[in-house]
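First the structure, in the form of structure tokens, and then the observations on it.
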Amino acid sequence: MDALVSLCKRRGFLFQSSEIYGGVQGFWDYGPLGVELKRNLKDAWWHDMISGHNELVSPAGAPSTFEMVGLDCTIIMHPQVWKCSGHYDLFHDHMVDCRESKKRYRFDQVRGRFVEYQGKKIFVSTLAEIEQEEDEVRRRGMKFFKLRAKNADELTVEKESLTLDKLDSTENVLAPDAKALGTLTEPREFNLMFKTTLGALGGEEDTTFLRPETAQGIFVNFKNVVDSSRVRIPFGIGQVGKSFRNEITPRNFTFRSREFEQMEIEFFCHPNQSQEWYRYWRDRRMAWYTKLGLSSESLIMREHHTEELAHYSVGTADIEYAFPFLPEGEYGELEGIAHRGDFDLRSHMEGKLDPATNPMTVELNEHGKPKHRGSGKDLAYRDDITNEKFVPHVIEPSAGADRAALAFLCEAYTEDEAPDENGKMQTRTVMKLDPRLAPIKAAVFPLVKKDGMPEVAQEIYGALKEHYNVFYDAKGAVGRRYRRQDEAGTPYCITVDGDSLTDKTVTIRDRDTLEQTRVKIDDVVSEIQSRMKAST
Ligand code: GAP
């Protein structure tokens with residue numbers, strides 16, 4: 001992971017936000033290569049889910065044909081949206097404060113191990129990365145018990161790594177930045193929505209929030225979409241956009257950020273068909289990741305147990321990836337596919353429903369009135385053929401663009417051996433990104449900066465640039481130019497050499513196989529096009 005993080009900075013995939021001022025935790029900027037990667041990822045999602053969907057054909061595994069449309073909603077919405085969605089009351093994590101260091105931690109994310117010295121057992125916690133956790137726990141345990149290196153054997157560190165929420169009490173916990181035991185407060189709820197104020201007056205009634213998910217913009221526009229685009233159920237609405245969560249302990253590179261992008265679909269269907277659609281979307285979304293290059297050994301589909309599900313839901317599954325910063329055998333969520341029943345549309349219509357009631361009824365306040373009033377608008381759907389009126393059920397495949405980008409970067413990072421310009425084998429770092437995702441599709445090099453080679457290379461570059469993001473490089477030894485493109489994940493390098501001027505051919509080098517093929521200059525564009533097409 002350290003090698004990947006350093007490559008991301010060195011080659012301009014990712015930078016810490018506001019780095020020159022010391023950075024700000026949980027915020028990341030995408031550099032020139034990163035922005036192309038993330039854009040390609042979002043474009044692939046938009047194409048594969050929305051714009052490229054053929055509503056006249058029923059895809060394999062789908063119960064029927066269906067339509068897909070898109071939306072782009074605002075980040076700041078009416079405050080009532082978040083009251084009816086449940087985020088105002090329920091969108092929180094548990095945090096603990098350390099009375100000694102005055103730091104705040106997320107209860108379920110601080111890890112540690114029990115250590116024992118002369119019959120006294122304490123729990124030493126740390127925020128260290130997983131590979132360093134055991135060493136760090138030992139180091140802090142030694143310091144706590146004032147042990148010298150020669151007495152290291154007298155301290156035992158348990159193998160099992162636990163998070164704080166798994167402990168019965170925090171009495172004997174050494175907090176991550178504390179010197180004494182038992183300095184953590186009881187866990188408290190902390191709402192993750194970022195507050196902001198509308199207008200210049202800034203009173204409490206002007207408070208609103210940056211959206212913590214893109215989904216709600218879709219629900220509140222359901223009627224607008226039905227009325228304006230004549231879509232018929234079953235259909236889905238997709239949206240890609242920024243979401244904000246004031247995460248207590250943002251960590252693991254971009255995995256848990258405070259500002260991130262989501263790619264969400266709300267798929268509206270007849271209640272009788274919702275189980276089949278749930279299964280369809282779960283499987284289709286899993287296949288999307290493997291098709292774009294995530295290995296199936298590193299991906300799992302984790303179905304939630306029935307006791308984890310709301311009673312109105314027939315299922316929720318998480319697509320999880322074995323990120324290298326997680327302990328062996330643990331996976332991090334890339335996407336959740338949830339059956340949400342009619343909870344959202346009815347809440348925005350009638351007032352926030354109480355998900356614990358069955359059948360669900362509007363949650364009431366102490367005066368017997370709706371705790372959070374709905375819009376009062378009729379969000380039911382009338383089927384114009386059967387004339388049946390119903391509130392559709394919703395299947396929600398909700399993915400994170402930044403998490404997916406991180407997973408593809410982790411999967412792509414490879415170290416192998418390749419010959420240098422003298423034929424000597426050298427270790428090379430290569431980002432084996434799927435060509436669709438690769439920031440640069442091809443690089444064009446004149447072998448040397450003379451004898452007419454740059455002119456030919458520039459012509460090829462200009463022709464390719466009309467179709468793809470390509471890169472021209474005439475500086476330095478050609479071997480070093482290949483290495484730079486390997487690190488950027490560029491699938492094809494085109495070299496103009498001495499022969500090119502006489503036989504009008506160039507070499508195309510394949511990043512993964514290192515195979516070099518001679519191709520006619522006139523055929524370069526079509527050759528790259530056909531190789532790119534073969535990868536979709
Ligand atoms: N509308 C449902 C929803 O928002 P979620 O599981 O909270 O569900 C969906 O979020 C996806 O958004 C996650 O699977 C993850 O990929 C991404 N995501 C959530 N919180 C994130 C964070 N703090 N940083 C980066 N990505 C995040």
Side-chain angles (χ1 to χ4, degrees), residues 14 17 24-30 38 41-42 45 71 73 75 77 81-82 84-87 90-93 106 108-109 190-194 209-220 236-267 278 281-282 285-286 288-289 294 299-302 304 308-310 313 315-321 323 325-326 331-341 343-345 347-348 355 394-410:
L14 279 157
S17 164
V24 43
Q25 251 205 325
F27 295 89
W28 296 92
D29 295 335
Y30 286 78
K38 192 167 154 194
L41 178 77
K42 290 184 291 178
W45 184 92
L71 266 183
C73 309
I75 284 167
M77 299 169 72
V81 170
W82 306 112
C84 289
S85 69
H87 287 82
L90 297 170
F91 193 54
H92 47 240
D93 277 335
R106 201 170 130 178
D108 61 348
Q109 279 179 356
F190 172 78
N191 194 298
L192 297 184
M193 284 197 292
F194 276 100
F209 304 93
L210 304 189
R211 67 179 176 202
E213 61 172 24
T214 57
Q216 296 304 321
I218 301 179
F219 292 125
V220 301
I237 306 179
Q239 172 161 221
V240 177
K242 291 267 186 180
S243 291
F244 301 81
R245 296 182 189 180
N246 200 359
E247 298 284 355
I248 303 166
T249 40
R251 58 190 308 206
N252 290 333
F253 211 12
T254 57
F255 181 82
R256 193 170 301 286
S257 307
R258 288 178 165 145
E259 175 174 341
F260 55 96
E261 269 183 286
Q262 291 185 307
M263 308 182 290
E264 294 198 290
I265 295 170
E266 305 303 327
F267 189 80
Y278 165 69
W281 279 107
R282 190 196 55 186
R285 291 300 306 146
M286 182 81 169
W288 189 77
Y289 290 100
L294 292 191
L299 267 187
I300 55 163
M301 170 88 76
R302 192 180 73 79
H304 289 209
E308 289 178 79
L309 297 175
S313 171
T316 291
D318 290 339
I319 299 176
E320 300 182 339
Y321 180 70
F323 285 98
F325 48 75
L326 296 172
Y331 294 80
E333 180 187 323
L334 273 184
E335 170 160 353
I337 298 98
H339 178 286
R340 300 188 54 89
F343 175 82
D344 304 274
L345 286 180
S347 285
H348 285 303
V394 171
I395 314 299
E396 178 191 64
S398 170
D402 305 83
R403 279 200 194 163
L406 183 59
F408 285 110
L409 282 169
C410 292

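Residue numbers start at 1 and run along the sequence shown. Atoms within a ligand are numbered from 1 in the order they appear, just like the ligands themselves.
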Any idea which protein heavy atom is nearest atom 8 (O) of ligand 1, and the distance to it? S398 OG, 3.7 Å

Atom 24 (N) of ligand 1: of P397, S257, A404, G400, the nearest heavy atom sits on S257

Side chain or backbone, does D402 bring an N or O within less than 3.5 Å of an N or O on ligand 1? no

At under 4.0 Å between heavy atoms, is it the side chain or the backbone of L334 that contacts ligand 1, or both, or neither? backbone

Given 3.5 Å as the limit, does a donor-acceptor pair link the side chain of Y289 with the main chain of F408, or not? no

Which of the numbered atoms in ligand 1 are under 4.0 angstrom from any heavy atom belonging to E333? 6 (O), 13 (C), 14 (O)

With R302, which residues qualify under salt bridge (charged side-chain N to carboxylate O under 4.0 Å, His left out), at least two apart? E308, D318, E320

Give me the residue, atom name and distance of the protein heavy atom closest to atom 15 (C) of ligand 1. R403 NH1, 3.5 Å

Which residue owns the protein heavy atom closest to atom 10 (O) of ligand 1, what's the atom, and how far is it? Q262 NE2, 3.3 Å

How would you list, by chain and number, every residue that makes a salt bridge (charged side-chain N to carboxylate O under 4.0 Å, His left out) with R106, sequence neighbours excluded? D93, D108, E247

To the nearest 0.1 Å, how far is atom 18 (N) of ligand 1 from its closest protein heavy atom, and which atom is that? F260 CE1, 3.5 Å

In ligand 1, which numbered atoms sit nearer than 4.0 Å to a non-hydrogen atom of A215? 1 (N)

Show which atoms of ligand 1 fall inside a sub-4.0 Å distance from at least one heavy-atom site of E396. 1 (N), 2 (C)

Mode of R258 contact toward ligand 1 - side chain, backbone, both, neither (heavy atoms, under 4.0 Å): neither

Please round to the nearest 0.5 Å and tell me the distance separating atom CE of M286 and atom CG of L334. 9.5 Å

Can you classify the ring geometry of F325 versus F323 as parallel (below 30°), tilted (30 to 60°) or perpendicular (above 60°)? parallel

T249/Q109 under side chain to side chain donor-acceptor pair (under 3.5 Å): CA gap, chis, key distance, verdict: CA-CA 8 Å; T249 40; Q109 279 179 356; 2.7 Å; yes

When you measure from atom 25 (C) of ligand 1 to every protein heavy atom, which one gives the shortest distance, and what is it? F255 O, 3.1 Å

T254 to ligand 1: N or O pair under 3.5 Å? no

Under 3.5 Å: donor-acceptor pair, side chain of W28, backbone of F253: yes

Would you tell me which option among R256, R245, E264 has the nearest heavy-atom contact to atom 5 (P) of ligand 1? R245

Do the side chain of R258 and the main chain of Q25 share a donor and acceptor less than 3.5 angstrom apart? yes

